[in-house]
Amino acid sequence: MSQKPPELHEEAARLRAELDDANYRYYVLDDPTLTDADYDRRLRRLQELESAHPKLVTPDSPTQRVGAAPAEGFPEVRHAVPMLSLDNAFDEEELVAFVRRVNERLERDEDDLTFCCEPKLDGAAVSLVYENGVLVSGATRGDGRTGEGITSNLRTLRSVPLKLRGDALPQLIEVRGEVYMRHSGFEALNERARKEGSKVFANPRNAAAGSLRQLDPRITARRPLEFCAYQVARIDDGEMQMTHSAHMARLREFGFRTSPELARVEGSEALLDYCRRLGEKREGLDYDIDGAVIKVDELRLQRELGFVARAPRWAIAYKFPAQEQTTRLKAVEFQVGRTGAITPVARLEPVTVAGALVSNATLHNQDEIARLGVMVGDRVVIRRAGDVIPQVVRIVEGERPEDARPIEFPTHCPVCDSKVERIEGEAVVRCPAGLYCAAQRKEALKHFASRRALDIDGLGTKLIDQLIEREWVKTPADLFHLQASELETLPRLGQKSADNLIAALEKSKRTTLPRFIYALGIREVGEATAGNLARHFGTLETLMKAGLEDLEAVEDVGPVVAAHVHAFFAEEHNRDTVAQLIQAGVTWEEAEVSARPQPLSGQTWVLTGTLESMTRDEGKARLQALGARVSGSVSRKTAGVVAGPGAGSKLAKAEELGVEVLDEKAFLARLADWEKGEAS
Ligand SMILES: NC(=O)c1ccc[n+]([C@@H]2O[C@H](COP(=O)([O-])OP(=O)(O)OC[C@H]3O[C@@H](n4cnc5c(N)ncnc54)[C@H](O)[C@@H]3O)[C@@H](O)[C@H]2O)c1
Ligand SMILES: [Zn+2]
């Protein structure tokens with residue numbers, strides 16, 4: 001290196017400023033702008049500079065410190081034993097070097113030291129203090145000496161014991177561990193945040209840390225957080241444990257969760273083996289781990305090895321490849337899902353993320369693109385974790401090229417060219433040509449043939465797949481032109497089944513208007529709504545011509561459903577298919593519509609608790625088909641309440657108001673009567 005000291009001085013100062021800023025964003029705001037890989041690179045570089053030129057070290061350098069000072073709003077908690085960071089090993093060589101260093105310091109010649117290995121959970125470190133078995137204090141790491149007192153927040157986590165189990169409890173114990181969020185919980189949390197327009201977290205770590213540091217514990221309580229213990233920092237107890245792994249066993253007895261991947265190994269070969277295996281498992285885990293933590297198992301040796309400024313000498317974090325990387329967004333393409341949702345897919349300059357080459361990532365929907373403020377040409381951060389589809393997390397600020405282009409949503413379906421539908425207040429853009437669009441064919445046909453729709457006996461999913469593959473059937477209307485002679489040639493479908501299917505198709509042609517409307521598979525039009533539409537309009541023709549206002553006048557049809565129905569019939573391809581179905585001989589008697597019994601019209605019913613023989617939605621649909629309104633709350637006007645096991649406040653309210661309550665058995669009996677047309 002031919003750099004002159006003043007330049008090195010400047011570089012070190014710049015790195016320190018960048019790292020300080022990154023620490024603040026990461027630890028205090030839970031909203032980082034650098035990827036961990038970029039952060040680690042900078043820290044490494046600063047460490048190199050400082051160790052080559054010790055004069056460059058400043059006492060407040062990020063290499064000498066842990067985390068960040070506690071945020072305002074929380075009481076400060078001084079840690080009796082500092083909460084440190086860990087040194088990193090970024091490859092196997094560095095890991096072997098760590099083992100060598102430890103053995104040298106302990107003056108051991110054999111490579112047979114026992115280590116305790118655990119996954120490095122990617123969340124936030126917390127410390128829990130128990131006095132006589134009762135949780136008295138919980139805190140974040142903060143800057144290692146002083147953390148944030150978040151006892152009430154930690155109490156809301158089910159995996160944090162409020163009282164320890166067993167009778168031989170220590171007078172005092174301080175347990176440390178990681179609070180983290182599983183992928184499933186994280187995805188659900190962000191999905192909700194996207195819908196509500198609230199804060200979307202970049203990754204589960206930031207979500208966990210952010211959720212933990214809420215000023216209102218009720219918010220923390222709603223977040224899917226878990227705690228896994230990994231250290232006993234202090235214990236005041238008659239029984240002295242000799243090893244870290246014995247401590248972990250003790251914690252399990254007290255009622256803590258420790259990692260199921262925890263293992264003791266002897267020597268560097270076994271250690272490498274553990275790390276490799278854990279690396280292979282990483283993908284399949286439902287939570288983020290960013291490496292393995294390796295600790296000298298014997299506590300006496302840990303004490304002998306001691307600490308340096310910000311990390312113990314007896315432990316190391318073996319880091320796995322980072323789950324976030326930056327790359328360039330080359331283009332955006334649009335995919336049509338099986339129910340017509342149009343999803344923007346980012347085409348990326350290929351980049352290796354957590355060990356796999358990634359060239360596509362999801363951008364979710366139009367709102368997400370607006371939230372990210374992303375343009376084609378931008379540098380973006382990609383995250384890939386577990387088996388979740390890679391995602392664009394954010395753009396890298398200040399790197400937008402001059403020729404960057406805004407992302408434009410298609411006005412027409414990329415598969416079938418129908419005009420797309422965008423409903424006010426819904427993030428998703430859809431292709432409304434459900435009966436025609438090739439992307440939606442399979443779902444449309446399955447639904448059309450299903451029992452509550454046209455009820456075509458013998459037309460199952462496998463057969464539908466074959467018919468679509470051979471392009472014998474593109475729309476439901478094509479079904480009625482199938483020939484037995486043709487069907488017989490399909491594998492595993494003999495003459496008899498072919499004849500039966502033709503007969504079933506013939507039979508299904510005589511249907512009812514509600515069934516027919518339901519069979520069309522209009523979004524959010526279930527059986528009950530189909531029935532309401534049929535009754536309200538009387539004929540298909542009138543329904544097809546109905547405007548948005550006419551549709552909203554139908555019982556239980558709000559603006560969103562009205563918009564779906566309207567868009568469906570406005571789509572020419574759908575209208576053509578409907579005409580072809582009628583031409584093929586599908587009929588119904590329109591008079592039937594109003595003849596259906598409506599014994600519950602004008603009544604409001606409430607369903608609560610769980611039902612065994614049907615889902616609550618099914619129960620709701622059947623009540624609605626009988627003319628009832630189904631509401632979520634009980635009042636004096638409620639005609640009746642159906643209460644299954646688990647019913648709570650609604651049942652109590654009904655009893656208080658003297659509203660009739662039916663259990664499932666009584667409900668089923670009553671339904672059968674009503675559906676036969678006998679008024680109650
Ligand atoms: N992207 C950014 O801007 C940014 C900023 C700051 C830090 N970071 C990231 O954070 C890292 C540094 O953070 P750090 O100081 O918390 O160190 P660290 O995360 O590398 O290691 C220490 C932490 O590991 C955790 N841990 C998980 N499982 C453990 C186990 N079984 N035993 C012991 N500890 C376990 C504990 O929370 C502990 O505090 C950096 O390497 C970087 O990746 C990123
Ligand atoms: Zn389409």
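Whatever order the structure lists ligands and atoms in, that order sets their numbers, starting from 1. Keep in mind it's a predicted model, so treat the numbers as computed, not measured.
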Proximal atoms of ligand 1 relative to [X] (non-hydrogen, under 4.0 Å):
X: A22; answer: 3 (O), 5 (C)
X: L86; answer: 21 (O), 22 (C), 24 (O), 34 (N)
X: D40; answer: 40 (C), 41 (O), 42 (C), 43 (O)
X: E118; answer: 30 (C), 31 (N), 32 (N)
X: L34; answer: 1 (N), 2 (C), 3 (O)
X: P119; answer: 28 (N), 31 (N)
X: A125; answer: 36 (C), 37 (O), 39 (O)
X: T35; answer: 1 (N)

*To the nearest 10°, what's the angle at the Zn ion (ligand 2) between atoms SG (C416) and SG (C431)?*
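Between SG of C416 and SG of C431, at the Zn ion (ligand 2), the angle is about 100°.
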_Please compare Y24, Y27, Y26 and report which has the shortest non-hydrogen distance to atom 13 (O) of ligand 1._
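Nearest option to atom 13 (O) of ligand 1, by heavy atoms: Y27.
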*asked:* Please work out, at 4.0 Å between heavy atoms, whether the side chain, the backbone, both, or neither of S259 comes within that distance of ligand 1.
replied: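 Under 4.0 Å from ligand 1, S259 contributes no heavy atoms.
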*State plainly whether the residues R430 and E421 are in salt-bridge range, i.e. N to O under 4.0 Å.*
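Here R430 does not pair with E421 in a salt bridge, since their nearest N and O are not under 4.0 Å apart.
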*Any salt bridge between R277 and D273, counting N to O under 4.0 Å?*
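So R277 pairs with D273 through a salt bridge.
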*Sole residue of Q231, E178, K295 in side chain to side chain contact (heavy atoms under 4.5 Å, CB included) with E118*: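 Only match with E118 under side chain to side chain contact (heavy atoms under 4.5 Å, CB included): K295.
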Donor-acceptor pair, side chain of [X] and main chain of [Y], under 3.5 angstrom:
X: R310; Y: R65; answer: yes
X: T140; Y: G147; answer: no
X: R141; Y: M83; answer: no

*Regarding R41 and the six-membered ring of F90, is the cationic atom NZ or CZ under 6.0 Å from the ring centre and inside 45° of its axis?*
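Geometry flag: not set, cation outside 6.0 Å or 45°.
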Which residue and non-hydrogen atom of the protein lie closest to [atom], and at what distance in Å?
atom: atom 15 (O) of ligand 1; result: S85 OG, 2.9 Å
atom: atom 20 (O) of ligand 1; result: K120 NZ, 3.3 Å
atom: atom 38 (C) of ligand 1; result: Y230 OH, 3.8 Å

Can you tell me if [X] and [Y] form a side-chain donor-acceptor pair at under 3.5 Å?
X: N206; Y: N203; value: yes
X: R383; Y: Q325; value: no
X: Y287; Y: D122; value: no
X: D286; Y: S184; value: yes

For ligand 1 and [X], I'd like to know whether there is a polar contact (N/O to N/O, distance under 3.5 Å).
X: V293; result: no
X: Y39; result: no
X: R141; result: yes
X: V66; result: no
X: N23; result: no
X: K319; result: yes

*asked:* Does K199 have more than 12 heavy atoms from other residues, nucleotides or ligands lying within 6.0 Å of its NZ?
replied: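 Above 12, so yes.
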*Decide yes or no for F409 and I369: does some side-chain heavy atom of the first lie under 4.5 Å from some side-chain heavy atom of the second?*
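They are in contact (side-chain heavy atoms under 4.5 Å apart), so the answer is yes.
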*May I ask whether K295 has any heavy atom positioned less than 4.0 angstrom from an atom of ligand 1?*
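Contact check K295 vs ligand 1: positive.
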